[in-house]
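Structure, as structure tokens:
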Amino acid sequence: MVRTGILNPQINSLLSRVRHTNTLLITDRGFPYWPTIETVDLSLVDDIPRVLDVLRAIRLNFTIGQVTMAEEFRSNNSPTVVNEFAQALSGLEIHYETHTGFKKRVPDVTGIIRTGDTIQYANMILESS
């Protein structure tokens, strides 16, 4: 029995299949459903869990080379929220592109982890290094 780290067997399985330069998507609750991509849905109620909860949990055992987020994240959220994400992503290379461009990358991800986050454009694509 797993006693520490990520307890969710679906997330452990998904993370173990993300190889060098493969990508993983962590989404907010409103991100569109992609029926052809494995999705682990962790959403419970509004903001439980949040995108940053999942990010912090997986960073302990998952090597991230770079992160892609929508440009709209910075313009649609308060400086406090933007700063909280910047701190959680500290040390990582972050790329911003339009939300439309961001969604064009989705078909190439290995899997999706959906959260209950209500922060606008909180979605992030993590590229394994």
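Along the sequence shown, residues are numbered consecutively beginning with 1.
With a 4.5 Å cut-off between side-chain heavy atoms of Ile, Leu, Val, Met, Phe, Trp and Tyr, the cluster of Ile48 takes in Leu44, Val45.
Looking only at side-chain heavy atoms (C-beta outward), Ile11 and Ile113 come within less than 4.5 Å of each other. Contact annotation: the side chain of Leu14 approaches that of Val40 to within less than 4.5 Å [non-hydrogen atoms, C-beta and beyond]. Between Thr39 and Leu25 there is no side-chain heavy-atom pair separated by less than 4.5 Å.
Applying the side chain to side chain donor-acceptor pair (under 3.5 Å) rule to pairs touching residues 75-86 yields Arg50-Glu84, sequence neighbours excluded. Every pair passing ring-ring contact (aromatic ring centres under 6.0 Å, His included) that includes a residue from residues 37-81 is listed here, sequence neighbours excluded: Phe73-Phe85. Annotation: side chain to side chain donor-acceptor pair (under 3.5 Å) contacts involving residues 56-68, sequence neighbours excluded, comprise Gln66-His95, Gln66-Glu127. Screening residues 36-58 for ring-ring contact (aromatic ring centres under 6.0 Å, His included), with sequence neighbours left out, gives no hits.
When every heavy atom of Ala88 is checked against every heavy atom of Leu52, the shortest pair comes out as CB-CD2, 3.6 Å. Contact between Ser129 and His20 at its shortest, heavy atoms only, is C-ND1, 3.2 Å. When every heavy atom of Thr23 is checked against every heavy atom of Asp108, the shortest pair comes out as OG1-O, 3.7 Å.
Connection of Ile112 to Ile125 is established within a shared hydrophobic cluster, with ILVMFWY side chains joined at heavy-atom distances below 4.5 Å, either directly or through further cluster members. Met69 and Ile26 fall within a single hydrophobic cluster, where Ile, Leu, Val, Met, Phe, Trp and Tyr are joined by side-chain heavy atoms under 4.5 Å apart, directly or via other members. At a threshold of 4.5 Å between side-chain heavy atoms, the hydrophobic network of Ile, Leu, Val, Met, Phe, Trp and Tyr places Val106 and Leu42 in two separate groups. Under a hydrophobic clustering in which Ile, Leu, Val, Met, Phe, Trp and Tyr are joined whenever their side-chain heavy atoms come within less than 4.5 Å, directly or via other members, Leu89 and Phe102 fall into different clusters. Val51 and Trp34 fall into different hydrophobic clusters, where Ile, Leu, Val, Met, Phe, Trp and Tyr residues are linked whenever their side-chain heavy atoms come under 4.5 Å apart, directly or through other members.
Using modelled atom types, no side-chain atom of Thr21 and backbone atom of Arg19 make a donor-acceptor pair closer than 3.5 Å. Using modelled atom types, no side-chain atom of Arg105 and backbone atom of Gly101 make a donor-acceptor pair closer than 3.5 Å. In this structure, Thr118 contributes its side chain and Asp47 its backbone to no donor-acceptor pair below 3.5 Å.
With Leu24 as the partner, the side-chain contact (heavy atoms from CB on, under 4.5 Å) test is satisfied by one option alone out of Ile64, Val109, Val54, Ile58: Ile58.
A donor-acceptor contact closer than 3.5 angstrom is absent between the side chains of Asp117 and Thr115. Side chains of Arg114 and Ser43: a donor-acceptor N/O pair is present below 3.5 angstrom, by distance only.
Here Asp41 contributes atom CG and Arg29 contributes atom CZ; the two are 12.0 Å apart, rounded to the nearest 0.5 Å. The distance from atom OG of Ser13 to atom CD1 of Ile6, rounded to the nearest 0.5 Å, is 12.0 Å.
Looking at residues two or more places apart in sequence or on another chain, you find a ring-ring contact (aromatic ring centres under 6.0 Å, His included) between Tyr121 and His99.
No salt bridge links Lys104 with Glu97; every basic N to acidic carboxylate O contact stays at or beyond 4.0 Å.
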